[in-house]
Amino acid sequence: MKIQQLRYVVAVADAGSVTEAARRLNVSQPALSAGLSALEADLGGAIFDRRRGAMRLTQLGVRFHRRAVSILRECDVARMEFRRGLERSTIAVGVLPTIAMPLVLDFTRRFAIAEPRMEMTLREGAERTLMDWLAHGRIDAALTISDQVGADAWIPLEGDPLALVCSCDHPFARRGSVRLADLDGVNFILRAHCERGREAHEILEIRGVRLRLVLRTDQDQRALAAVRAGLGVTIAPRSLVGRDTAFVPIEDLGLARTVGLHLGPSIDPELAAMLTGILKAANGDFADAGEVTLLRHHN
């Protein structure tokens with residue numbers, strides 16, 4: 001069994017075909033096919049079901065693929081550690097795009113102080129992407145929300161509610177709260193990438209609230225800049241809202257998310273405990289600084 005053969009297995013599983021996998025790996029299709037056949041001969045069984053022109057993992061192949069991904073990741077980490085010196089190692093943390101950046105930066109800063117011999121790398125991805133990376137050992141932990149995780153290895157912080165966000169001189173900013181019906185005919189900025197933002201938009205449509213969609217964006221900086229400029233209002237988690245915008249509760253919306261740390265299955269227990277403590281400390285200071293009022297960690 002060779003490392004290159006493991007790479008062939010992972011590439012074919014991801015691509016769904018030998019042709020596409022060979023293209024991604026920049027190898028010839030015959031060479032890749034021969035490598036897979038040799039590996040299956042060595043193992044004594046089929047890794048892929050080749051019927052109907054598609055390459056799908058067999059039941060045993062699924063288990064083997066999981067091991068192959070883990071082995072390849074360890075090889076990549078070992079290579080990086082060697083190149084950077086034996087005194088440094090790495091940890092990969094996935095980050096949901098809608099996690100407040102000040103919290104992420106404080107988390108990484110505290111980690112660098114607590115463990116100077118270890119380097120943290122961040123990878124941004126959507127909820128399901130982060131869970132896939134965790135399952136396949138491509139990241140060690142993920143800063144995400146609770147929707148896609150199980151009870152195991154999940155370290156929650158308290159709820160991060162969604163509400164109306166508007167400019168400080170908007171009429172809604174002077175109100176203690178609004179109702180969904182108040183948004184009828186209002187200029188609206190849709191945060192298309194937000195897990196809860198899309199859900200809020202669907203609720204508005206179901207309620208028959210007619211929004212005037214003036215901007216659709218997948219970047220929070222653009223959305224909040226447009227809000228500050230008075231282009232329209234949006235719906236966003238409290239943790240993303242700074243002091244230069246107004247955050248107005250919506251009485252009949254009732255949406256919130258739970259932010260937390262999801263730990264990978266193979267992470268070292270001592271490292272997991274360190275990450276948990278650092279995140280809770282960073283989140284506590286983040287909340288106390290006034291950027292967030294309702295994002296608190298469990299005692």
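The chain is numbered in sequence order, starting from 1.
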Is there a donor in the side chain of Arg191 and an acceptor in the side chain of Thr98, or the other way round, less than 3.5 Å apart? no
May I ask you to check whether Ser177 and Glu251 show a side-chain donor-acceptor distance below 3.5 Å?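 Yes.
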Heavy-atom distance under 4.5 Å between the side chains of His65 and Val10, does that happen here? yes
Can you check whether Gly230's main-chain N or O pairs, donor with acceptor, with Ser167's side chain at less than 3.5 Å? no
Is the backbone N or O of Ile71 less than 3.5 Å from a side-chain atom of Glu74, with the two atoms forming a donor-acceptor pair by type?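 No: the side chain of Glu74 does not pair with the backbone of Ile71.
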Pairs flagged by salt bridge (charged side-chain N to carboxylate O under 4.0 Å, His left out) wherever residues 26-48 is involved - sequence neighbours left out: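 Qualifying pairs, neighbours excluded: Glu40-Arg50.
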Got a sec, which pairs hit salt bridge (charged side-chain N to carboxylate O under 4.0 Å, His left out) with one end in residues 4-31, sequence neighbours left out? Arg7-Asp76, Asp14-Arg138, Glu20-Arg23, Glu20-Arg24
With sequence neighbours excluded, tell me which residues meet ring-ring contact (aromatic ring centres under 6.0 Å, His included) with Phe64. none
Non-neighbouring partners of Leu255 that pass side-chain contact (heavy atoms from CB on, under 4.5 Å), sequence neighbours left out: Leu162, Arg196, Glu199, Ala200, Ile203, Leu253
Report the residues that fulfil side-chain contact (heavy atoms from CB on, under 4.5 Å) with Ala92, sequence neighbours left out, ordered by chain and then residue number.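 Ala92 satisfies side-chain contact (heavy atoms from CB on, under 4.5 Å) with Arg73, Thr121, Ile139, Asp140 only.
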Do any pairs count as a ring-ring contact (aromatic ring centres under 6.0 Å, His included) and have a residue in residues 102-134, sequence neighbours left out, and if so which ones? none
Using a 6.0 Å cut-off, check whether atom CZ of Arg222 has over 12 heavy atoms from anything other than its own residue. no
Test salt bridge (charged side-chain N to carboxylate O under 4.0 Å, His left out) applied to Asp49 and Arg56, step by step: CA-CA 5 Å; Asp49 184 346; Arg56 298 189 178 184; over 6 Å; no
Is it true that [X] and [Y] have a side-chain N and a carboxylate O under 4.0 angstrom from each other?
X	Y	value
Arg207	Glu205	no
Arg109	Asp106	yes
Asp160	Arg257	yes

Kindly determine whether Leu183 and Phe172 satisfy side chain to side chain contact (heavy atoms under 4.5 Å, CB included), including the steps that lead there. CA-CA 10 Å; Leu183 304 185; Phe172 286 153; 3.8 Å; yes
Would Val248 and Val233 count as a side chain to side chain contact (heavy atoms under 4.5 Å, CB included) here? Give the steps. CA-CA 11 Å; Val248 186; Val233 304; over 6 Å; no
Parallel under 30°, tilted from 30 to 60°, perpendicular over 60°: which one fits the rings of His201 and Phe188? parallel
